[in-house]
There are 2 protein chains.
Amino acid sequence: MTVSATRPSPNKRAGNGTAPRIDADEIGLDALVGHAGYAVRRFQIWIFQDFIKTLGDVDIRPTQYSVLTVIGANPGLSQMVVAKRLGIERARLVHLLDSLEQRKLVKRIKSKSDRRSHALHLTGQGETALAKFQRLAAEHERHVEEKIGKANRERLLQILAGFT
Amino acid sequence: MTVSATRPSPNKRAGNGTAPRIDADEIGLDALVGHAGYAVRRFQIWIFQDFIKTLGDVDIRPTQYSVLTVIGANPGLSQMVVAKRLGIERARLVHLLDSLEQRKLVKRIKSKSDRRSHALHLTGQGETALAKFQRLAAEHERHVEEKIGKANRERLLQILAGFT
DNA sequence: GGACAATTGTTGTCGTCAACAACAATCTTC
DNA sequence: GAAGATTGTTGTTGACGACAACAATTGTCC
């Protein structure tokens, strides 16, 4: 990942339709560097891929993990509240919960105070499973530390704390 | 977006299926805080939405912008090289270029040195358009500054420089 | 108390995007 | 020249965000 090499002049033989050998590493991205969105997108892709790989054996994706974590920490929430808190659409949460309920990790209990809504709980199986997921997630977090450095990870969390 | 309030105790009347009033702001996310991936995902969603809104009048999305920028800075590249450099699949880049070519922003020129590949160039129209897009993108970048602070944005770019 | 609006979960569609697989045309290598 | 690799293309799959519509239920207003 060497990025600090001196860039050759940005325009190399343009206009005739052909271009000399280029190694895809040495392409001028000058105009893209300095855009926060681009850096964040690439980092987000990397971090999700590592999460998915690290939790690959248990087949849990980041969104599923966030749903389980919120339900585990706050049993009895309605789907509406969970969706709002996580920034997920409630239509999308329906499918997520269908999947998690089929896997016996979550159960929907009809609320008696509001018969429209469901109170969400982890099953016993769900709680032990979540504990394992969290251990794996911690391992993933260590990968992040190795990638960008411990201090930088801390700083990152600090900068983005307002978005959680 | 007040996040700094003291959290109430995480478990509020769990187990009977119902839960007291909850405002979706005050849900314990304790277990999710500290996960870099979650913060980055939320931030990335915010930043893309602002980009899309800011460049809404010209109808340019982040990926399209990155493709135009790379082609503009390095005319004559093949699709393979552009895809690799931006982390896009070449299958996906085909559709992106189809769209950009229909809008007369990009042209595919058959390479004579390798008749399989296309040399990518901006049209004249594409160059003037890109200049406008970059002005709007700079405006978007100012929105990011207002959101997280100028110094934090700088630090963020520094931390994530390895991913560009 | 009853009409009307709002909310909750659900179903469905649409468009974006990453990940694969397969294919024809073309290049490279031996 | 034959075998294998590469390039662009087409297609499929699945996760995901955005929207719209709907039935059941709750809340509100008169």
Side-chain angles (χ1 to χ4, degrees), chain A residues 18-19 21-24 37 41-42 44-53 55-56 59-67 76-101 106 108-120, chain B residues 18-19 21-24 37-38 41-42 44-53 56 59-67 76-101 106 108-120:
Chain A
T18 68
R21 284 275 159 274
I22 286 193
D23 284 358
R41 166 178 166 260
R42 296 298 297 258
Q44 198 257 351
I45 290 173
W46 180 89
I47 208 169
F48 264 47
Q49 280 175 345
D50 185 86
F51 186 99
I52 292 168
K53 197 203 303 177
L55 300 218
D59 192 28
I60 287 290
R61 313 191 95 257
T63 311
Q64 295 175 314
Y65 177 80
S66 68
V67 170
L77 293 185
S78 71
Q79 299 185 194
M80 193 65 216
V81 172
V82 170
K84 233 182 238 166
R85 186 62 187 87
L86 289 178
I88 304 174
E89 280 205 60
R90 59 193 209 278
R92 167 120 190 80
L93 185 60
V94 171
H95 299 298
L96 286 168
L97 289 175
D98 286 348
S99 163
L100 294 174
E101 207 171 21
V106 167
R108 289 185 248 222
I109 300 178
K110 291 194 215 171
S111 169
K112 302 193 173 178
S113 57
D114 186 341
R115 303 219 306 273
R116 294 170 300 181
S117 69
H118 294 157
L120 301 175
Chain B
T18 66
R21 286 274 160 274
I22 287 192
D23 284 358
Y38 183 73
R41 167 179 165 259
R42 298 298 296 257
Q44 198 256 351
I45 290 173
W46 180 90
I47 208 170
F48 264 48
Q49 280 175 345
D50 184 87
F51 187 99
I52 293 168
K53 197 203 303 177
D59 192 29
I60 288 289
R61 315 192 90 253
T63 312
Q64 296 175 313
Y65 177 80
S66 69
V67 171
L77 293 185
S78 71
Q79 299 184 193
M80 193 64 214
V81 173
V82 170
K84 231 182 239 166
R85 184 62 187 83
L86 289 177
I88 305 173
E89 279 205 62
R90 59 193 208 280
R92 165 123 190 78
L93 185 59
V94 171
H95 300 297
L96 285 168
L97 289 175
D98 286 348
S99 162
L100 294 174
E101 206 171 21
V106 167
R108 289 186 250 222
I109 300 179
K110 290 192 211 173
S111 169
K112 302 192 174 179
S113 56
D114 186 340
R115 304 218 307 272
R116 294 170 300 180
S117 69
H118 295 157
L120 301 175

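Chain identifiers are assigned alphabetically (A, B, ...) following the order of the sequence lines, protein sequences preceding nucleic acid strands; residue numbering begins at 1 within each chain.
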Distance in angstrom units between [X] [atom1] and [N] [atom2], rounded:
X	N	atom1	atom2	value
Met80(A)	dT26(D)	CE	C1'	15 Å
Lys84(A)	dA6(C)	NZ	C1'	12 Å
Leu97(A)	dT8(C)	CG	P	15 Å
Phe51(B)	dT16(C)	CZ	C1'	15 Å
Gln44(B)	dT16(C)	CD	C1'	12 Å
Ile47(A)	dA18(C)	CD1	P	17 Å
Glu101(A)	dG9(C)	CD	C1'	13 Å
Lys110(B)	dT7(D)	NZ	C1'	14 Å

Sequence-distant partners of [X], side chain to side chain donor-acceptor pair (under 3.5 Å), two or more places apart:
X	result
Arg42(A)	Tyr38(A)
Glu89(B)	none
Arg116(B)	Asp114(B)

message = So, using side chain to side chain contact (heavy atoms under 4.5 Å, CB included) as the criterion, who are the partners of Arg61(A) when residues are at least two apart?
response =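 Arg61(A): side chain to side chain contact (heavy atoms under 4.5 Å, CB included) contacts with Ile52(A), Gln64(A).
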query = Can you list the residues that meet the side chain to side chain contact (heavy atoms under 4.5 Å, CB included) rule with Arg90(B), with sequence neighbours excluded?
reply =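 Checked Arg90(B) against side chain to side chain contact (heavy atoms under 4.5 Å, CB included); matches are Met80(B), Ala83(B).
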Counting heavy atoms from C-beta on, name the nucleotide in [options] closest to the side chain of [X].
X	options	answer
Asp114(A)	dT25(D), dG8(D), dT11(C)	dT25(D)
Arg108(A)	dG8(D), dA5(D), dT10(C)	dT10(C)
Gln79(A)	dT10(D), dT10(C), dT7(D)	dT10(C)
Arg116(B)	dT11(C), dT7(D), dT25(D)	dT7(D)

message = At 4.0 Å (heavy atoms only), tell me whether Arg90(B) reaches a base, stays on the sugar-phosphate, or touches nothing.
response =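 Base contact.
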inquiry  = Is there a side chain to side chain contact (heavy atoms under 4.5 Å, CB included) between Asp98(B) and Arg108(B)? Walk through the geometry before answering.
reply    = CA-CA 10 Å; Asp98(B) 286 348; Arg108(B) 289 186 250 222; 2.2 Å; yes
message = With each end axis built from five pairs of C1' atoms, what bend angle do you get for the helix from dG1(C)-dC30(D) to dC30(C)-dG1(D)? Round to 10°.
response =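 Axis angle across the helix from dG1(C)-dC30(D) to dC30(C)-dG1(D), nearest 10°: 20°.
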request  = Compare all side-chain heavy atoms of Gln44(A) with those of Arg41(B) and state whether any distance is below 4.5 angstrom.
outcome  =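 Side chain of Gln44(A) against side chain of Arg41(B), heavy atoms only: contact under 4.5 Å found.
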query = Less than 4.5 Å apart, any side-chain heavy atom of Ile88(A) and any of Val67(A)?
reply =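 Answer yes - side chains close enough.
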What's touching nucleotides 15-19 of chain D from the protein side, N or O pairs under 3.5 Å?
unit_1: dA15(D); atom_1: O3'; unit_2: Arg61(A); atom_2: NH1; d: 2.9
unit_1: dC16(D); atom_1: OP1; unit_2: Arg61(A); atom_2: NH1; d: 3.3
unit_1: dC16(D); atom_1: OP1; unit_2: Thr63(A); atom_2: OG1; d: 2.9
unit_1: dC16(D); atom_1: OP2; unit_2: Arg92(A); atom_2: NH2; d: 2.4
unit_1: dC16(D); atom_1: O5'; unit_2: Arg92(A); atom_2: NH2; d: 3.1
unit_1: dG17(D); atom_1: OP1; unit_2: Arg41(B); atom_2: NH2; d: 3.1
unit_1: dA18(D); atom_1: OP1; unit_2: Gln49(B); atom_2: NE2; d: 2.5
unit_1: dA18(D); atom_1: N9; unit_2: Glu89(A); atom_2: OE2; d: 3.3
unit_1: dA18(D); atom_1: N7; unit_2: Glu89(A); atom_2: OE2; d: 2.6

query = When rounded to the nearest 0.5 angstrom, what is the spacing between CG in Leu96(A) and OG in Ser66(A)?
reply =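 Nearest 0.5 Å value for the CG-OG distance: 8.0 Å.
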